[in-house]
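These notes are about the structure you will find just below.
Chain letters run A, B, ... following the sequence lines, proteins first and then strands; every chain starts at 1.
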Number of protein chains: 2
Amino acid sequence: MYSYMKRDSRLSGVLHVLLHMAQQPGPFTSETLAKAMDTNPVVIRRIMAGLRELGYVHSERGHGGGWTLACDLSKVTLRDVYAALGSPSLLAMGNRTEAPGCLVEQAVNAALAQAFGDAEALLLSRLGEVTLAMLSDDLRKRLGSRKIHDISAHRA
Amino acid sequence: MYSYMKRDSRLSGVLHVLLHMAQQPGPFTSETLAKAMDTNPVVIRRIMAGLRELGYVHSERGHGGGWTLACDLSKVTLRDVYAALGSPSLLAMGNRTEAPGCLVEQAVNAALAQAFGDAEALLLSRLGEVTLAMLSDDLRKRLGSRKIHDISAHRA
DNA sequence: CTATCATGTAACATGTATAGTTACATGAAA
DNA sequence: TTTCATGTAACTATACATGTTACATGATAG
């Protein structure tokens, strides 16, 4: 591959959570999900907050509480999930100055805006083509003949 | 537009410098270029180091020293310049784990790798289509009837 | 030869964003 | 009323680009 791909892994993380949840009935506590993701329960709650607001998941407190899926997986795309995270920046690079008076800067910005804009649009388009149901189906294929993946047994 | 576009502005910055240099004969000191970019001379030297190694620019020390263009502007693309910077990450998002044992993570990574890979490839392709000469021509059009842009008078 | 200029570079400070952690309030169920 | 689980603020850790200071290296002017 080309570059490194680091930094923001919230989309990756929240999809991991959703896919786990799609494999067995809930509810799942933040702690359970956090253990499966090797992270902290508060991180789970944080990345799930936006999805709850949009009604993709539901959360309940107290005994027997936790997170449950609350949407039609075939209706929610990766782009929807991305938006639920607050649409964080997709590109790592950008213009030095957004609205420069300098004509040199304007010429540079125009050229880069074209390339960056095209790439961003394509990425959003691709994310919009993939539903959670498609991801879940792909996962089931990968699981193959094995029994239903038990989240409590999770750990590489 | 969609997202914020912040962070790494080295490509934008170094293109700004190169375009300035293409408007008049050199050499230009790091200090002159830094003033035009409203930044620090060391920052200029830093982002120019890679271009010097690839022979796109030349630097000389002492009296009358500074930076000069040392390439055919019609032969160097924005992608070449990007590579000269060390090919920093283009995308702000990535996978949580790069080589996971977990099948769930693998399914997520596969889906995202597709979308991210396509976007990254498109971006690199677009950058590869634009030469510094094309950028410089565009700039001259923007300058229109005005006199040759004097870098010493630069300042929005 | 030496003073000045300009790059080369290391080292450190700053700003910002994600990720991880602690602490505690809120509310639901046993 | 005790226990469990989420909701959230506040703080720490980490990473990276950017900004700055300091000084060595080398080239030119006198």
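In the set dT9(C), dG8(C), dG19(D), dT9(C) carries the atom at the smallest distance from any side-chain atom of Val42(B). The nucleotide whose nearest atom lies closest to any side-chain atom of Arg10(B) is, among dT18(D), dG7(D), dT7(C), dT18(D). With dT7(C), dT6(D), dT28(D) as the choices, the nucleotide that has an atom nearest any side-chain atom of Ser30(B) turns out to be dT7(C). Checking dT22(C), dT9(C), dT28(D) against the side-chain heavy atoms of Asn40(A) singles out dT22(C) as nearest. For Arg45(B), taking side-chain heavy atoms from C-beta onward, the closest of the listed nucleotides dT21(D), dT7(C), dT6(D) is dT7(C). Comparing dA22(D), dA28(C), dT18(C) by their nearest atom to the side chain of Asp8(A) picks out dT18(C). Ranking dA28(C), dA10(C), dT28(D) by closeness to the Glu60(B) side chain, first place goes to dT28(D). Side-chain proximity of Thr39(B) to the nucleotides dG19(D), dT6(D), dG20(C) is greatest for dG19(D).
Side-chain contact check for Leu78(B) versus Leu112(A): some heavy-atom pair is nearer than 4.5 Å. Between Glu129(B) and Thr77(B), the closest side-chain pair of non-hydrogen atoms is not below 4.5 Å.
Contacts between residues 49-57 of chain B and DNA chain D, defined by a heavy-atom separation below 4.0 Å, involve no residue at all.
Distance His63(A) NE2 to dC4(D) C1': 5 Å, rounded to the nearest Å. Put simply, CD1 on Ile44(A) is 11 Å from P on dA19(C), counting in whole angstrom units. Distance, Asn95(B) CG to dT18(C) P: 17 Å, rounded to whole Å. Rounded to an integer number of Å, the gap from Ile47(B) CD1 to dG8(C) P is 13 Å. In this structure, CG of Leu90(B) is placed 12 Å from P of dA17(D), rounded to the nearest angstrom. Nucleotide dT7(C) holds its C1' atom 11 Å from the NE2 atom of His58(B), rounded to whole Å. Atoms CZ (Arg61(A)) and C1' (dG27(C)) sit 5 Å apart, rounded to a whole Å. Atom CZ in Phe28(B) sits roughly 18 Å away from atom C1' in dC5(C) (whole-Å rounding).
Cluster membership for Tyr56(A) and Leu73(A), using ILVMFWY side-chain heavy atoms within less than 4.5 angstrom, is shared.
Put simply, the residue from Leu132(A), Ile47(A), Val130(A) that forms a side chain to side chain contact (heavy atoms under 4.5 Å, CB included) with Leu15(A) is Leu132(A).
You'll find a donor-acceptor pair under 3.5 Å spanning the side chain of Arg46(A) and the base of dG20(C), going by distance alone. Counting atom types as modelled, Arg7(A) pairs no side-chain N or O with a base atom of dT18(C) as donor and acceptor under 3.5 Å.
With no hydrogens or angles considered, a side-chain donor-acceptor pair links Thr29(B) and Thr32(B) at under 3.5 Å.
Close to dC4(D), at under 4.0 Å from its OP1 or OP2, lies no side-chain N or O of Thr29(A). Between Ser9(B) and the phosphate of dA17(D), there is no side-chain N or O to OP1/OP2 separation shorter than 4.0 Å.
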Note to self: For a salt bridge (Lys or Arg N to Asp or Glu O under 4.0 Å) check, start with the C-alpha distance between Asp138(A) and Arg142(A), then their side-chain angles and the critical distance, and finish with the verdict.
What the structure shows: CA-CA 6 Å; Asp138(A) 176 59; Arg142(A) 288 169 191 268; 2.9 Å; yes
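No more than 12 heavy atoms of other residues, nucleotides or ligands lie within 6.0 Å of CD in Glu31(A), so this atom counts as exposed by the packing criterion.
Without hydrogens or angle criteria, Tyr82(B) side chain to Pro88(B) main chain gives a donor-acceptor distance under 3.5 Å.
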